[in-house]
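The structure under discussion appears below in the form of structure tokens.
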There are 2 protein chains.
Amino acid sequence: MKSEREFFENYLIKKNLRETPQRGMILDAFLKREEHITAEQLYDIVKKCDPSIGQATVYRVLRLIVESGLAREVDFSDGVMRYEHCYNHPHHDHLVCKGCGKTVEVVDSVIEELQKRVAESFGFELTDHEMYLYGNCADCRKKLQG
Amino acid sequence: MKSEREFFENYLIKKNLRETPQRGMILDAFLKREEHITAEQLYDIVKKCDPSIGQATVYRVLRLIVESGLAREVDFSDGVMRYEHCYNHPHHDHLVCKGCGKTVEVVDSVIEELQKRVAESFGFELTDHEMYLYGNCADCRKKLQG
DNA sequence: GCCATATTGATAATGATAATCATTAGCAAC
DNA sequence: GTTGCTAATGATTATCATTATCAATATGGC
């Protein structure tokens, strides 16, 4: 927790940006939350501490957090961007239940390796990827049958 | 080409929908195009044949084409939905060059199998997936170095 | 404390797509 | 071929997440 804050402060200094109470507050709220969060959800949380905060600021700070490397954007194709932790939180992909929206973080090193090889076989240097697995979780399947 | 039209007409009949010149025209324009296309691009093409066509109709027919199974949506995360052929065009994923935007269709049956297994290991039944590999193509890398 | 400059909050703008609604067109039964 | 029912169209407006604008304010080095 401490180190994330320092990390962010270092980023601000490096970019000649200023430390402000809003930035601190938004960062804290983001760090406290372990799961994905949307800009709106974060706005709602932060408003409770400081009702005068503007949602544009939340969007702006969220972008800073991403640029600093503390967060990453996740897009489940439902029209809203979500943000998840990046710091000490290694890369992973997502398994999403189409029924209840539950998500599970997954990694498969073999898949990762194959992705790199596939890209290379077409002369590409892989820099990044997105993988979303959509399906129905055990609970939802049970409900549908029962 | 013939069979795609029949396929679409069958879909319309099955759903009690009507065959209209606009639907025919938009479908034709979509089928003629081999690569991905956006709603806006399709609108521009179709407008040349019939300037009175509305862009809402393009969006509507595009949705019908997807529902019929002739097209599938592709989202390269740039804020615009693209549509690609589905008919006699088996599932594949995409390799996208971050430099020039060039895309390559890729499939790797081992990855596909592993995706299914990963999902199952969390109790999910995989119905669908999205995978986008982002990188730099050989040409773009050469340009950057030269 | 002062000043240059970054930041804020409110609000309007944007851009893709969806909804609305009056008008028009397809088609089955007569 | 007319009628009548219903679906489809085009124009327009709405929506919704995210950005840009801009005047007012706060920050941090001097």
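Order of the sequence lines sets the chain letters (A, B, ...), proteins ahead of strands, with each chain counted from 1.
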Cation-pi check for A:Y43 against A:K47: NZ or CZ below 6.0 Å from the six-membered ring centre and within 45 degrees of the axis, yes or no?
yes
Taking it one step at a time, do A:H85 and A:H36 satisfy ring-ring contact (aromatic ring centres under 6.0 Å, His included)?
CA-CA 8 Å; A:H85 292 214; A:H36 319 285; 9.8 Å; no
Residue-phosphate contact under 4.0 Å: A:T57 side-chain N/O, C:dG9 OP1/OP2:
yes
Separation of A:M25 atom CE from D:dA26 atom P, in whole Å?
14 Å
Figure out the OH/P separation between A:Y43 and C:dT8, and round it to whole Å.
14 Å
Whether B:R117 and B:E113 form a salt bridge (side-chain N of Lys/Arg under 4.0 Å from carboxylate O of Asp/Glu) is what I want to check.
yes
Using whole Å, report how far CD1 of B:I53 lies from P of D:dA8.
14 Å
Atom CG of B:L62 and atom C1' of C:dA18 are separated, to the nearest Å, by 14 Å
Side-chain N or O of B:S52 versus OP1/OP2 of D:dT9: is the shortest distance under 4.0 Å?
no
Toward the 5' end of DNA chain D, which comes first, B:L12 or A:T20, by nearest nucleotide?
B:L12
Nearest-angstrom distance from the residue atom CD of B:E19 to P of C:dT24:
23 Å
Between B:Y83 and B:L17, who's closer to the 5' end of DNA chain C by nearest nucleotide?
B:Y83
Atom CE of B:M81 to atom C1' of C:dA18: distance rounded to whole Å?
13 Å
Check whether any side-chain nitrogen or oxygen of B:Y59 sits under 4.0 Å from OP1 or OP2 of C:dT17, and answer yes or no.
yes
Can you find a donor-acceptor N/O pair under 3.5 angstrom joining the side chain of A:R18 to the base of C:dT5?
yes
Does A:R82 pair with A:E84 as a salt bridge, N-O distance under 4.0 Å?
no
Side-chain N or O of B:R23 less than 4.0 angstrom from OP1 or OP2 on D:dA8?
yes
Nearest to the side chain of A:R60, which nucleotide is it out of C:dA16, C:dT7, C:dA10?
C:dA10
What is the distance from CD of A:E40 to C1' of D:dT15, rounded to the nearest Å?
13 Å
Sub-4.5 Å side-chain heavy-atom contact between B:D75 and B:Y132:
yes
Please report the distance, rounded to the nearest Å, between CD in B:Q55 and P in D:dA11.
10 Å
Side-chain N or O of A:Q22 versus OP1/OP2 of D:dA26: is the shortest distance under 4.0 Å?
no
If you assign each of A:A56 and B:V80 to its closest nucleotide in DNA chain C, which residue comes earlier from the 5' end?
A:A56
